[in-house]
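For reference, the structure is listed below as C-alpha cells.
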2 protein chains.
Amino acid sequence: MDPKDYCFSTQISHLALDIGGTLIKLVYFSPNGDNSQDGSIVVGNGCSVVKGRLCFAKFETRKIDDCLDFIRFNILQHSGVQHPNGTTRDKFPVKEKLGIVFDKEDEMHSLVSGVNFLLKTVPREAFTYLDGQKEFVQIDHNDLYPYLLVNIGSGVSMIKVDGDGKYERISGTSLGGGTFLGLGKLLTKCKSFDELLELSHQGNNRVIDMLVGDIYGGTDYSKIGLSSTAIASSFGKAISDGKELEDYQPEDVARSLLRMISNNIGQIAYLNALRFGLKRIFFGGFFIRGLEYTMDTISVAVHFWSRGEAKAMFLRHEGFLGALGAFTSYKDQSHSNDLKPHHQAVQRAVLKCSGDDSFRHTLVAANINDGEAIECSINLV
Amino acid sequence: MDPKDYCFSTQISHLALDIGGTLIKLVYFSPNGDNSQDGSIVVGNGCSVVKGRLCFAKFETRKIDDCLDFIRFNILQHSGVQHPNGTTRDKFPVKEKLGIVFDKEDEMHSLVSGVNFLLKTVPREAFTYLDGQKEFVQIDHNDLYPYLLVNIGSGVSMIKVDGDGKYERISGTSLGGGTFLGLGKLLTKCKSFDELLELSHQGNNRVIDMLVGDIYGGTDYSKIGLSSTAIASSFGKAISDGKELEDYQPEDVARSLLRMISNNIGQIAYLNALRFGLKRIFFGGFFIRGLEYTMDTISVAVHFWSRGEAKAMFLRHEGFLGALGAFTSYKDQSHSNDLKPHHQAVQRAVLKCSGDDSFRHTLVAANINDGEAIECSINLV
C-alpha cells in the first residue's frame with residue numbers, strides 16, 4: 001500500500017508501538033499547527049510545551065511494512081522527529097527500516113500505565129455496559145485501587161493493579177482474541193477480525209450451542225439456578241445434528257464462538273477478582289472493539305457469576321493500553337530533551353481524527369482511526 | 001443393531017440410566033449364577049442378599065434405541081426383573097418402549113452419591129496422574145470432605161461436596177466434552193469421540209497454538225513466570241499462517257482442541273477450589289476416558305495455577321458417577337422389596353466384563369465394557 005493512500009498525513013513528533021501477536025498498535029503525538037514555528041512554546045522554567053493530539057492507529061502484525069511505511073511517511077514528511085519509544089521485539093527489523101532507535105518498555109508495565117493514565121486524566125473513559133445501556137463511570141482517583149485489569153489480546157492477561165507501577169499478573173487464559181479469530185478463520189473462512197465480528201452480529205448461537213433446555217426437555221434446572229436458555233455445552237449441538245461444517249451458517253458459528261470466548265473470559269476474570277476481593281474489573285485489548293454483544297456477554301458473565309457483586313467496566317481506548325502506557329511512562333535517561341507527557345494538561349477527548357465511521361470496516365490494513373484522539377500537551381524539559 | 005450382536009448377554013435384575021446430552025450411561029446389577037434358585041440368599045432378619053456384579057455400559061444418546069434394545073433383550077431373556085430406577089428425562093420414551101416404570105433421581109444428587117460410594121467402598125478407585133505417573137490415593141473416610149467434584153460431560157459442573165447428600169453446585173463451564181466433540185467434528189470430520197481422541201494422540205498442538213515464545217522471539221517472559229512453551233493463544237497461529245482448514249493436519253487440530261479444553265477446565269476448577277479452600281479436586285465424566293494426555297493436561301493446569309497446592313484426582317469409574325449414584329442412592333418408598341445396595345459387601349473390583357480391550361474402539365454404538373465391573377451384593381428388604 002502506498003503510504004500516501006492513508007486517509008490523511010500528519011506530523012508525528014513522538015510515537016509508541018505495541019507489537020502484539022495479531023496487531024500492531026501505534027500511539028503518536030501530532031503537534032497542533034498553531035504552535036510556534038519550531039512546534040513548541042517555551043514556558044516558565046525552560047520547558048517547551050507542545051500542544052497537540054494523541055492519535056491512534058493499528059495495523060496487522062503480518063503487514064508490519066504498512067505500519068513502517070506509515071511512520072516513515074509521516075515522520076519523513078515533517079521535521080519534528082524526537083525520540084520515539086515503543087514496545088518492540090527484536091525479530092522485527094523496525095530499527096533498520098526506519099533509521100530510528102526504539103527503546104523497549106515492559107509489556108505489563110505499559111499496560112498498567114496506560115490504564116492508569118486513562119482513568120486518571122481522560123474524562124468519560126470508563127463505562128459499564130449492561131442490558132443495552134452504556135453508562136459512564138466517574139472514577140474517584142482516591143478510590144481507584146485495587147482493580148483487576150483484563151487485557152484481551154491474542155491471549156488474555158489478568159493483572160491486579162494496586163497503584164502506579166504496582167501490579168502483579170495473577171492469571172490469564174489462552175482463550176482470547178487469537179482463539180476467536182484463529183478458530184473463526186478455520187470454521188468460517190473469514191479473512192479478518194472485522195469480518196468475523198460482522199458475521200457474529202447476524203448469527204444465532206442457539207443453533208449450535210447445547211442449551212440447558214435442550215438437555216432437560218425445554219425446562220430450567222432451577223434447583224441449581226440454571227435457566228433453560230443457559231448454554232450447557234458450547235458447540236454441543238454439533239455432536240448429534242448429523243450436520244457437517246458446510247451445513248451450518250457461518251454467522252451462527254461466529255456467534256457461538258464469540259459467546260464462548262467472551263463468557264469464558266468473564267468467568268475467569270470474575271473468579272480472579274473474587275480471589276483478591278476486587279470489585280472493579282476493567283476489560284481492555286483489541287478483542288472487545290466496543291462491540292455491544294461482546295461487552296454484554298462479558299458483563300452478564302461477571303454479573304451472573306458474582307451475583308451482581310462485581311462490575312465489568314470497559315474503556316474507550318481499550319485497544320491502545322500498552323502503546324499508550326509505553327508513551328506516557330517513557331523516561332529517556334540518555335537525552336536532555338526528555339519526553340514527558342503533561343497529564344494534567346490533557347483535555348476532554350472530544351475530537352475524532354476523522355468523521356468517517358465507516359472507515360473502520362473498509363480499510364483493514366491500517367485503521368488509523370480506531371481510537372478517538374486525545375487533546376494534550378507534551379513538556380520537553 | 002440386533003441386540004444379539006452385543007458381545008455377551010447377561011441377566012439384569014436392577015439398573016440405573018443416566019441420559020446425558022451426548023451419552024447414555026447404564027449401570028446394572030447382574031446376579032451371580034451361584035445364588036440360590038430364585039437368585040437370592042435369605043439371611044437373618046428376613047433380608048435376601050443377592051450376590052453379583054455391578055456392570056457398566058454406555059450408548060450414544062442419539063442411538064437410544066440401541067440402549068433400549070440392550071436392556072429389553074437382557075431383561076426379557078431373564079426373569080429377575082425388579083424395579084429399575086434411573087435419571088431419565090421425559091422426552092425419551094423409555095417407559096413406553098420397555099414397559100418398565102423408571103423413577104427419577106436428581107442429577108447432582110446422583111453424581112455426588114456416585115462419587116461418595118466409590119470413594120468409600122471401592123479400593124484403588126482414586127488416583128493422581130502427573131508426569132506419566134499414575135498413583136492410587138488411599139482416601140481416609142474421616143478426612144474425605146470437603147472436596148470439589150468436577151463432572152465433565154457435554155458441559156461441566158463443579159460441585160462442592162461437604163458430606164453425604166450435602167453439596168452445592170458452585171460453578172461450571174460450557175466448554176466441556178460437547179465442545180471438544182462438537183468443534184472437533186466440525187474441524188476434523190471425525191465421526192466419534194473415540195476417533196477424535198485417537199487423532200489427538202498423534203497431533204502436535206504447537207502447529208496451531210501461539211506459544212509465548214512465538215510472541216517474544218523464542219524467549220520466556222520470565223518476569224511474569226511464562227515459559228516460552230506456554231500457550232499464549234489457543235489456535236492463535238491460525239490467524240497469520242495464511243492456511244485454510246484443509247492445510248492443517250486433523251491430528252494437530254484435535255490436539256490443540258483437547259489441550260485448550262482440558263487446560264481451561266483445570267484452571268476454572270482450581271479457581272473454584274481456591275475459593276472454598278478445597279485441596280482435593282476429583283475429575284469425573286466421560287470426557288476424560290482415562291486418557292493420559294487429558295489427565296496430564298488437567299493435572300498440570302491445577303498444579304501450575306495452584307503452585308502445587310491443589311491436587312487433581314481421577315476416578316476409575318469416572319464415566320458412570322451419575323448412573324452409579326442413582327443406583328446406590330435409590331430408595332423406593334412404594335415397594336416393600338426396597339433396592340438397597342450393601343456397601344460394606346462390595347469387594348475389590350478386580351473383574352473385567354471382557355478381556356478384550358480393543359473392543360472399546362471397535363464398537364462405537366454400545367461400549368458395554370467401559371467400566372470395570374464391581375463385585376457386590378444387594379439387600380432386598
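Letters A, B, ... are given to chains in the order of the sequence lines, protein chains preceding strands, and every chain is numbered from 1. Since the structure is predicted, the reported quantities are computational estimates derived from the model, not experimental observations.
Listed here is the closest heavy atom pair of B/Trp305 and A/Ile170: CZ3-O, 4.2 Å.
Applying the salt bridge (charged side-chain N to carboxylate O under 4.0 Å, His left out) test to B/Lys237 and every residue at least two apart in sequence or in another chain returns B/Asp214.
Interface summary for chain B: among A/Ser174, A/Ser171, A/Gly155, A/Gly176, the most heavy-atom pairs under 4.5 angstrom belong to A/Ser174. Residue with the most contacts toward chain A among B/Gly182, B/Gly153, B/Ala230: B/Gly182 (heavy-atom pairs, distance under 4.5 Å). Put simply, of A/Gly172, A/Gly242, A/Gly236, the one with the most heavy-atom pairs under 4.5 Å next to chain B is A/Gly172. Most heavy-atom pairs under 4.5 Å with chain A: of the set B/Met260, B/Arg62, B/Glu168, this distinction falls to B/Met260. Most heavy-atom pairs under 4.5 Å with chain B, from the set A/Gly178, A/Gly184, A/Ser234: that is A/Ser234.
In this structure, the separation between CZ on B/Phe235 and OG1 on A/Thr179 is 8.0 Å, given to the nearest 0.5 Å. Note that NZ of A/Lys185 and CD1 of B/Ile239 are 7.0 Å apart. Values are rounded to the nearest 0.5 Å.
Crowding of B/Arg206 atom CZ: a count of heavy atoms from other residues, nucleotides or ligands under 6.0 Å not exceeding 12. Dense packing is recorded around NZ of B/Lys243, with more than 12 heavy atoms of other residues, nucleotides or ligands lying under 6.0 Å away.
With a 4.5 Å cut-off on non-hydrogen atoms, B/Tyr248 touches chain A through its side chain but not through its backbone. Contact of B/Met210 with chain A is made through the side chain alone, with heavy-atom distances under 4.5 Å. Residue contact with chain B, scored on non-hydrogen atoms closer than 4.5 Å, is absent for A/Ser256. For a residue to count as touching a neighbouring chain, one of its non-hydrogen atoms must lie under 4.5 Å from one of that chain's; by this rule B/Leu274 touches chain A with the side chain only.
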Test log, rule side-chain contact (heavy atoms from CB on, under 4.5 Å), inputs A/Lys189 and B/Glu244: CA-CA 7 Å; A/Lys189 311 226 180 268; B/Glu244 310 237 327; 3.6 Å; yes

Intermediate values then yes/no, side-chain contact (heavy atoms from CB on, under 4.5 Å), B/Leu245 and A/Leu245: CA-CA 11 Å; B/Leu245 181 54; A/Leu245 181 54; 4.0 Å; yes

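Looking only at distances, no side-chain donor or acceptor of A/Ser154 sits under 3.5 Å from a matching main-chain atom of B/Ser233.
A/Leu175 pairs in a side-chain contact (heavy atoms from CB on, under 4.5 Å) with only one of the listed residues (B/Asn264, B/Ile261, B/Ile231), which is B/Asn264.
Pairs engaging residues 251-274 of chain A under the salt bridge (Lys or Arg N to Asp or Glu O under 4.0 Å) rule: none recorded [sequence neighbours left out].
Looking at B/Leu187 and A/Leu183, their side chains come closer than 4.5 Å, going by heavy atoms from C-beta outward.
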